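Below you'll find the structure, written out as structure tokens, and then a few comments.
In this text, all values refer to a predicted model and were calculated from it rather than measured experimentally.
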Amino acid sequence: MSSFIREALRPGKFIADDIDGKIRDITEKSYSIKCELKEVMEKQQIKFYSTLDESQILVDKAKSLRGEMESLQNNIDGEVKNKLTSSTGEMKRLTEALQEVGLMLNFVNELVELDKLQTMAKEKQNEKIYYETAELLKKAFVLIQEPTNFIHKLDIYPILRDNSTLQREKFIYDMSEIWKACVQIKYDEPQDGIKITTLKVKTGCSEELRQLVMALEYYKELNFKINRFGSHLLSHLLEPIILSECVVLNAVENNCALLEVQCKRDSAKLSFPKTLENLMNVFDFLNEHLNFKIKDEVRLLEKIGCVTSDEFCDCFIKNCLSDTVPCSSEELGQFDEVIQQTEAFQKFLMEIGYFSLQKDTIIGYARNVDVLFANKLCQNILAKSRNIMQEFLHETVEVGLELPTNELLIQQEDNSPLESFKPTVLLNANTFHYPKCSISLSTVKLLKLLNEVLEQAVNSKELCSARLFHTARNVIELYCSIMPLHHKEFLENIPQQSAIFHNNCMYLAHHLLTLGHEYQDRLPSILQEQMTTFVDQVLVLRSIGTNIFLKQMQKQRDQLLEIVRDSGLHSIGASPELPNSTEKGMRQCLRQLELLKTVWMSVLPYNVYCKSIGSHLNSFVEELIFRVLGAEDIPSSTAVQLVTVFGVVSGRAPQLFREKGEIFMHVKSWPKFKELILVLGSSLRDIDGRWADGKGPLADIFQVDEIRKLILALFKNSERRAATLRQIK
């Protein structure tokens with residue numbers, strides 16, 4: 001039985017020996033390939049030798065060895081396994097040995113594949129097929145980085161990984177350098193006031209550029225290049241063409257297409273058609289030399305437009321198209337030509353891909369001409385009014401009429417009984433005229449501008465009319481805001497300026513009372529339904545003008561009182577004589593009042609002037625009266641000096657008015673001051689006579705306590721003084 005079995009297994013043993021021999025042969029060949037591959041990889045990855053032929057030989061050997069292994073595997077799986085069921089252990093050992101060799105061969109195949117990808121990438125790059133180069137390098141990079149492969153188990157893996165990364169980065173750097181060599185924007189420092197910017201594109205390399213751009217896009221590096229190029233394109237080519245006087249020239253030089261832009265610094269902008277022509281030349285150049293397809297029908301100019309078109313539109317609209325908006329109704333009809341030119345320009349930019357199909361910013365702005373016209377017109381009005389408000393206030397003109405002496409007359413009808421008396425009020429023809437005074441020439445200009453604006457509102461469409469009317473109101477609001485701030489220093493320190501500004505505000509307020517009603521019936525119906533009036537701004541103007549003038553008056557009043565306080569009147573009775581500073585102080589106060597007369601009388605309406613100067617004079621004499629009445633003892637010599645000093649005031653103060661008698665109307669304390677002078681120079685008998693048992697002029701002006709205190713200060717204790725004091729009660 002055993003001999004039978006041995007005979008049955010003899011062929012199987014022959015086959016096993018044959019397989020074992022083949023496995024040893026394959027193992028030796030695999031080790032040989034492994035050694036050769038290691039030598040090749042060291043040359044390529046470490047010593048950087050060119051080993052293209054050796055790599056191909058290794059690939060061929062590896063393919064042949066894999067064929068032998070597959071054939072052997074089929075024999076094992078097919079014939080041997082079926083016949084050698086009793087030889088399982090031996091076959092398992094042989095199979096494991098074969099798998100180990102297969103694993104080693106996988107290492108070899110992956111290394112060969114990596115080498116093949118890198119070698120092909122170099123060939124494609126040399127052939128300037130950059131997009132395929134990028135794909136091959138990406139595949140090699142993924143093969144190195146893939147965690148499921150076998151390469152990362154090798155000792156040489158870190159070197160392979162670093163070299164693959166380095167090759168990829170070097171390729172991107174090479175692409176960047178080629179881009180710089182093919183597309184350049186150069187600008188020189190301005191010479192003789194002219195700045196020259198040149199856009200240079202290498203000709204005859206459109207396919208190379210396309211491949212380059214596709215490769216950069218493949219590696220997500222294109223956006224950075226486009227952003228940088230677009231930024232230079234805007235700042236050094238497009239914006240200077242819009243903002244200054246420029247000349248655009250085309251040329252071909254040394255296999256390069258050149259676009260040269262020469263701009264004059266600090267020059268005025270060109271006309272709209274000429275600017276448009278220069279911009280078209282730039283975009284024509286870009287379309288001809290740089291507008292190639294990248295992928296999926298996407299062109300390079302579309303990429304450039306995505307990052308620059310918004311900023312370009314803003315600059316073009318703000319600094320070019322807005323200048324063409326008409327400023328008057330006569331120019332409005334000529335704007336159709338601008339709309340047509342703008343439509344053609346936008347259509348061209350859409351055709352070349354710089355503008356997307358959804359972008360209609362430029363033409364949308366131009367077609368909205370009614371709103372643009374109204375906006376620009378109102379902006380110009382506000383700008384003009386602002387310039388007027390900034391003019392000097394002291395350039396004046398005389399306006400108004402002298403006020404009638406009898407503004408209101410009350411007349412009784414003839415033969416009318418007293419109990420049925422119905423007065424008839426007769427108004428002077430000049431009653432509602434503005435009083436004669438001086439106002440700034442700028443105020444006349446401003447009022448003229450308001451009338452021009454309202455007149456234009458009458459003759460405009462409803463939209464523009466409403467805007468113009470409200471702009472007229474805005475002018476007044478602007479006046480109230482700007483004037484006190486812009487002229488602040490003059491208004492605070494120069495009395496004449498504050499008086500002129502007061503007149504300006506009152507003059508404008510006077511005309512604003514009726515300004516809206518003058519045009520109301522002529523304005524469009526949409527405005528007639530509203531309150532087309534300026535009356536609400538009247539009180540604001542009057543308040544501002546009054547406050548400015550009152551602050552100046554307070555400042556002048558404080559200066560007068562300060563002079564009086566420093567004049568020595570507070571020390572009456574401290575010595576038999578008044579200090580020299582007293583008379584000097586009185587004369588200084590009078591000079592200040594006379595200076596105010598000089599700068600105010602010819603400026604203010606006379607009634608306002610009288611009230612203003614009268615208020616100052618009243619504060620002055622009240623302070624003098626207060627100082628004298630506050631003295632405990634007034635020596636006779638001091639009283640004589642006071643009469644002399646106060647006499648100077650009494651003689652010069654009435655000259656502040658046109659008529660001397662007007663001082664009694666506008667200076668409330670003037671009668672008391674005059675009576676004080678009389679008391680200071682009178683005897684007790686004279687004082688007793690002017691008191692007249694409480695019925696004399698002295699009793700009408702002074703209170704009992706005041707006159708008693710004054711007598712006690714002026715006269716020494718005597719029977720006569722006591723008798724006089726008893727009379728005053």
Spatial distance of atom [atom1] ([X]) from atom [atom2] ([Y]) [nearest 0.5 Å]:
{"X": "Leu450", "Y": "Arg473", "atom1": "CG", "atom2": "CZ", "answer": "11.5 Å"}
{"X": "Lys384", "Y": "Asn387", "atom1": "NZ", "atom2": "CG", "answer": "10.0 Å"}
{"X": "Met280", "Y": "Leu349", "atom1": "CE", "atom2": "CG", "answer": "7.5 Å"}
{"X": "Ile363", "Y": "Glu343", "atom1": "CD1", "atom2": "CD", "answer": "4.0 Å"}
{"X": "Leu446", "Y": "Leu478", "atom1": "CG", "atom2": "CG", "answer": "9.0 Å"}
{"X": "Cys306", "Y": "Leu301", "atom1": "SG", "atom2": "CG", "answer": "10.0 Å"}

Would you check if the side chain of [X] reaches a backbone N or O of [Y] as a donor-acceptor pair within less than 3.5 Å?
{"X": "Lys376", "Y": "Ser322", "answer": "yes"}
{"X": "Lys269", "Y": "Asn319", "answer": "yes"}
{"X": "Glu239", "Y": "Cys315", "answer": "no"}
{"X": "Lys202", "Y": "Trp179", "answer": "no"}
{"X": "Asn504", "Y": "Ser440", "answer": "yes"}

Counting C-beta onward and ignoring hydrogens, is there a side-chain heavy-atom pair between [X] and [Y] closer than 4.5 Å?
{"X": "Leu199", "Y": "Val261", "answer": "no"}
{"X": "Lys180", "Y": "Glu177", "answer": "yes"}
{"X": "Gln456", "Y": "Glu452", "answer": "no"}
{"X": "Tyr479", "Y": "Ser385", "answer": "no"}
{"X": "Lys448", "Y": "Val444", "answer": "no"}
{"X": "Leu454", "Y": "Phe534", "answer": "yes"}
{"X": "Val338", "Y": "Leu321", "answer": "yes"}
{"X": "Leu377", "Y": "Thr471", "answer": "no"}

Exercise: identify the closest heavy-atom pair between [X] and [Y]:
{"X": "Leu286", "Y": "Leu233", "value": "CD1-CD2, 3.9 Å"}
{"X": "Met389", "Y": "Met483", "value": "O-SD, 3.2 Å"}
{"X": "Lys264", "Y": "Ile194", "value": "CG-CG1, 4.3 Å"}
{"X": "Phe469", "Y": "Ala457", "value": "N-CB, 4.4 Å"}
{"X": "Thr197", "Y": "His236", "value": "OG1-O, 3.3 Å"}
{"X": "Arg522", "Y": "Val458", "value": "O-CG1, 3.5 Å"}

Starting from the C-alpha separation in whole Å, work towards a yes-or-no answer on side chain to side chain contact (heavy atoms under 4.5 Å, CB included) for Leu441 and Glu391. CA-CA 9 Å; Leu441 186 61; Glu391 294 180 4; 5.6 Å; no
I'd like to know whether Glu395 forms a side chain to side chain contact (heavy atoms under 4.5 Å, CB included) with Ser442, so could you lay out the CA-CA distance, the side-chain angles of the two residues, the decisive distance to 0.1 Å, and finally the verdict. CA-CA 8 Å; Glu395 297 178 358; Ser442 60; over 6 Å; no
Check for me whether the distance between the ring centres of Phe312 and Phe283 falls short of 6.0 Å.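 Yes, the ring centres sit under 6.0 Å apart.
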Only one of Thr308, Asn291, Asn287 clears side-chain hydrogen bond (donor to acceptor under 3.5 Å, both in side chains) with Tyr354; which?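 So, applying the side-chain hydrogen bond (donor to acceptor under 3.5 Å, both in side chains) to Tyr354 and each of Thr308, Asn291, Asn287, only Thr308 qualifies.
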Option among Thr275, Ile241, Leu243 that satisfies the side-chain contact (heavy atoms from CB on, under 4.5 Å) test with Cys320: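 Checked Thr275, Ile241, Leu243 against Cys320; only one passes side-chain contact (heavy atoms from CB on, under 4.5 Å): Thr275.
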Let me see the working for Ile352 and Asp284 under side chain to side chain contact (heavy atoms under 4.5 Å, CB included), right down to the final yes or no. CA-CA 9 Å; Ile352 65 176; Asp284 270 332; over 6 Å; no
Might you work through the side chain to side chain contact (heavy atoms under 4.5 Å, CB included) test for Val540 and Ile544, ending with a clear yes or no? CA-CA 6 Å; Val540 179; Ile544 292 174; 4.0 Å; yes
So, are Glu245 and Lys274 salt-bridged, with charged N and O less than 4.0 Å apart?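 No, this pair does not count.
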Strictly under 2.5 Å separating the two SG atoms? Check that for Cys246 and Cys263, please.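 Looking at Cys263 and Cys246, their sulfur gamma atoms lie closer than 2.5 Å, so the answer is yes.
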